[in-house]
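In what follows, a structure is listed as structure tokens, so that the remarks can point back to it.
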Amino acid sequence: MNPILIIRLDDYLTPQRSTLPYEDEREMTEDFLAFLDACLETAFYWKDGHHSRLDLRGVVVTPQEVEQALAERRRAENPKEDEDARKLQCQEFKKMSQYLKSRIAASRAQGMESRFLEIFKENCLTESEQFCLLLALAVEYDRKYERIYGYLQDNVGAKMPTVGLGLSLYHMINRKSALETHLKKRSFLWNLLEEPESRRPQESLLSYPMAVRREVLDWLWGDEARLAYSGPLERMAVWIPPVFKWEDMVLGPNQEMLLRQLKNRIAFRQQVMEQWGFGKKLPYGSGVSALFYGPPGTGKTMGAQVIAADLGLPLYRIDISRIASKYIGETEKNLNALFDEAGRRNIILFFDEADALFAKRSDISNSNDRYANMETGFLLQKIEDYQGITILASNYLDNIDEAFRRRIQYMIRFPFPDEKMRLKIWEKSFPKEAPLNDDICFSEYAGKYELSGSNIKEIALNSAYLAAAQGSEITEEHILKALEIQLEKMGISGKIR
């Protein structure tokens with residue numbers, strides 16, 4: 001039996017630099033890989049010496065090859081036999097982790113942006129998930145890891161690390177139980193990994209080979225402006241950038257109160273449901289659902305954007321045309337895939353024009369009615385089971401099935417704006433940077449023309465383009481012309497003074 005080798009902080013990293021920020025992402029990646037090498041070298045020695053549960057044997061890959069590959073970063077060997085070797089090694093790993101966290105914090109304080117860290121943050125990865133992702137990414141930086149993984153997994157053909165290997169190594173580092181390091185079905189890590197074609201449904205998730213998706217790698221290496229997913233969500237929904245904030249909206253007192261209550265229900269859900277134990281008292285999941293209803297152009301989509309921006313969550317508007325299908329069972333299949341991926345990625349689902357999916361069920365007179373009612377019932381079940389946030393928007397409350405209305409926690413009416421609200425919307429529709437003539441009287445427009453918020457914003461934008469084309473500031477003439485165009489579009493013709 002080989003003696004246990006204690007890998008120490010200064011074998012791979014430089015303690016003297018622990019308070020210094022990274023110069024760039026390349027230097028940070030090098031430290032991440034150095035930390036991974038320390039973990040793998042420990043696993044190799046413990047495995048080869050029967051000191052751990054990583055007790056599989058290599059077939060073709062030899063220990064000498066692994067030892068040579070892993071020794072590249074080590075500056076000195078420090079073998080030591082001690083009954084507390086595991087505890088000592090975990091302490092060293094803790095020091096390494098603290099070293100990385102310290103340098104990352106110093107880098108952020110200096111304003112350094114890192115796509116590596118952004119992936120961790122945007123996907124809400126836990127420490128064990130971050131470690132598994134690092135394990136999978138390593139083969140994209142150095143092919144030596146393929147042979148190391150092959151040895152540790154007793155399969156020379158297994159060039160990608162499995163979930164089981166990742167969790168075993170993380171367990172070795174932190175000495176946590178298997179339950180503490182288990183990857184949940186809804187783990188956001190699955191969004192970043194390829195679905196193996198050879199994987200069978202009955203196989204354990206622990207045997208899942210972790211290969212990072214191509215588009216994730218492209219984005220990480222700077223080839224894409226934005227990380228783009230291509231799962232069911234992207235096929236059936238459109239990402240909406242949450243550009244609006246609370247101060248951009250014009251709300252009535254009751255409307256704003258309900259919107260803030262909705263936001264708080266999401267923000268404090270973990271505290272109330274888990275820490276205070278209310279989750280044990282509920283028959284269904286802890287998801288949050290809301291219905292925004294009111295005339296067109298009154299701010300329903302804008303309200304969803306404000307909630308998403310405040311909570312820092314991505315907002316996706318569902319494309320109902322891509323969900324509904326004339327083929328029996330296909331609509332339910334699409335909905336199931338949509339809600340499953342949305343749950344893994346912790347997003348807000350926004351069903352605009354919700355009447356099409358959430359309409360009242362009809363009396364059954366033929367097979368089409370029966371299947372349509374089945375789809376509605378299935379959707380109701382998915383809304384109840386969904387652990388995330390669902391926002392529905394409809395112009396007509398009476399069109400929504402009563403069963404949905406009964407199960408939705410918040411029903412918020414977006415009324416047509418009165419004169420006072422219209423004045424605020426006129427004033428907010430022009431950015432402070434816009435060259436606006438001082439003689440414009442918004443109160444006159446607000447009192448004379450009963451327009452929705454979206455109408456007013458479109459008029460403001462069109463007046464700006466009219467002014468820009470003439471090379472002048474925005475004047476009353478431009479606003480009146482834009483107003484005339486908008487009224488004609490609404491079917492109201494005639495000159496405006």
Trace of the side chain to side chain contact (heavy atoms under 4.5 Å, CB included) decision for Tyr99 with Arg17: CA-CA 9 Å; Tyr99 171 94; Arg17 299 180 61 83; 3.8 Å; yes
For Leu192 and Leu125: C-alpha separation, side-chain torsions, deciding distance, then whether side chain to side chain contact (heavy atoms under 4.5 Å, CB included) applies. CA-CA 11 Å; Leu192 307 172; Leu125 299 185; 4.1 Å; yes
I'd like to know whether Trp426 forms a side chain to side chain contact (heavy atoms under 4.5 Å, CB included) with Ile479, so could you lay out the CA-CA distance, the side-chain angles of the two residues, the decisive distance to 0.1 Å, and finally the verdict. CA-CA 11 Å; Trp426 274 107; Ile479 294 177; 4.1 Å; yes
Intermediate values then yes/no, side chain to side chain contact (heavy atoms under 4.5 Å, CB included), Phe44 and Ile148: CA-CA 9 Å; Phe44 164 70; Ile148 296 170; over 6 Å; no
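The minimum heavy-atom distance linking Ala136 with Val139 is given by the pair O-CG2, 3.2 Å. Contact between Met249 and Gly299 at its shortest, heavy atoms only, is CE-O, 3.8 Å. Contact record, Leu189 with Cys132: CD2-CB, 3.8 Å, taken as the closest heavy-atom pair. The two residues Ile408 and Leu291 have their closest heavy-atom pair at CG2-N, 3.6 Å. Taking each heavy atom of Tyr145 and Ala138 in turn, the nearest pair found is CD1-O, 3.4 Å. Closest non-hydrogen pair, Asn437 versus Thr475, comes out as CB-CA, 4.1 Å.
The shortest side-chain heavy-atom distance between Ile307 and Ile266 falls under the 4.5 Å cut-off. Side-chain contact between Leu423 and Glu427: present, with at least one pair of heavy atoms (C-beta onward) separated by less than 4.5 Å. Proximity of Lys428 to Lys457: side-chain heavy atoms (C-beta onward) are nowhere separated by under 4.5 Å. Looking only at side-chain heavy atoms (C-beta outward), Leu436 and Phe442 come within less than 4.5 Å of each other. Using a 4.5 Å cut-off on side-chain heavy atoms (C-beta onward), Leu40 and Tyr149 make contact. Inter-residue side-chain proximity for Phe350 and Gln305 is flagged as unmet; no heavy-atom pair is nearer than 4.5 Å. Between Asn462 and Glu458 there is a side-chain heavy-atom pair separated by less than 4.5 Å. Between Phe131 and Cys39 the shortest side-chain heavy-atom distance falls below 4.5 Å.
No donor-acceptor distance shorter than 3.5 angstrom exists from the side chain of Arg103 to the backbone of Met28, with no hydrogens or angles considered. Side chain of Gln387 to backbone of Asp385: a donor-acceptor contact under 3.5 angstrom is found. Using a distance-only test at 3.5 Å, with no hydrogens or angles considered, a donor-acceptor pair links the side chain of Glu27 to the main chain of Glu23. Between the side chain of Glu129 and the backbone N or O of Phe120 there is no donor-acceptor pair closer than 3.5 Å. Ser107 places a side-chain N or O within 3.5 Å of a backbone atom of Tyr22 that can act as its donor or acceptor partner. The backbone N or O of Phe116 sits less than 3.5 Å from a side-chain atom of Glu25, completing a donor-acceptor pair. The backbone N or O of Phe414 lies less than 3.5 Å from no partner atom in the side chain of Lys300, so there is not a single donor-acceptor pair. Not a single donor-acceptor pair under 3.5 Å links the side chain of Asp310 to the backbone N or O of Val306. A donor-acceptor pair under 3.5 Å links the side-chain atoms of Gln89 to the main chain of Ile7, judged by distance alone. Thr42 places a side-chain N or O within donor-acceptor distance of the main-chain N or O of Ala38, the cut-off being under 3.5 Å.
The CG atom of Leu338 sits 9.5 Å away from the NZ atom of Lys382 when rounded to the nearest 0.5 Å. Rounding to the nearest 0.5 Å places NZ of Lys101 at 9.0 Å from CD1 of Ile104. Separating the OG1 atom in Thr162 from the CG atom in Leu167 is a distance of 8.5 Å, to the nearest 0.5 Å. Between Leu315 atom CG and Trp239 atom CH2 the span is 9.5 Å, to the nearest 0.5 Å. For the atom pair CE (Met302) and CD1 (Ile240), the distance works out to 13.0 Å, reported to the nearest 0.5 Å. A distance of 8.0 Å separates CD in Gln16 from CG in Asp10, rounded to the nearest 0.5 Å.
Within the structure, salt bridge (charged side-chain N to carboxylate O under 4.0 Å, His left out) contacts touching residues 239-252 (residues at least two apart or in different chains) do not occur.
Using a 4.0 Å cut-off between a side-chain N of Lys or Arg and a carboxylate O of Asp or Glu, Glu92 and Lys95 qualify as a salt bridge.
A cation-pi contact, defined as under 6.0 Å to the ring centre and within 45° of the axis, links Arg260 to Trp246.
Atom CZ of Arg317 is surrounded by 12 or fewer heavy atoms from other residues, nucleotides or ligands within 6.0 Å. Residue Lys424 qualifies as open at atom NZ: its count of foreign heavy atoms under 6.0 Å is 12 or below. Residue Phe278 qualifies as open at atom CZ: its count of foreign heavy atoms under 6.0 Å is 12 or below. Within 6.0 Å of atom CD in Gln91, more than 12 heavy atoms from other residues, nucleotides or ligands are found, so the atom counts as buried in its surroundings. No more than 12 heavy atoms of other residues, nucleotides or ligands sit less than 6.0 Å from atom CH2 of Trp276. Around the CD atom of Glu113, the shell of radius 6.0 Å holds no more than 12 heavy atoms that belong to other residues, nucleotides or ligands.
Only one option out of Leu258, Leu259, Leu392 pairs with Phe292 in a side-chain contact (heavy atoms from CB on, under 4.5 Å); it is Leu259.
At a cut-off of 3.5 Å, with distance as the only test, no side-chain donor of Ser168 or His171 sits close to an acceptor on the other residue.
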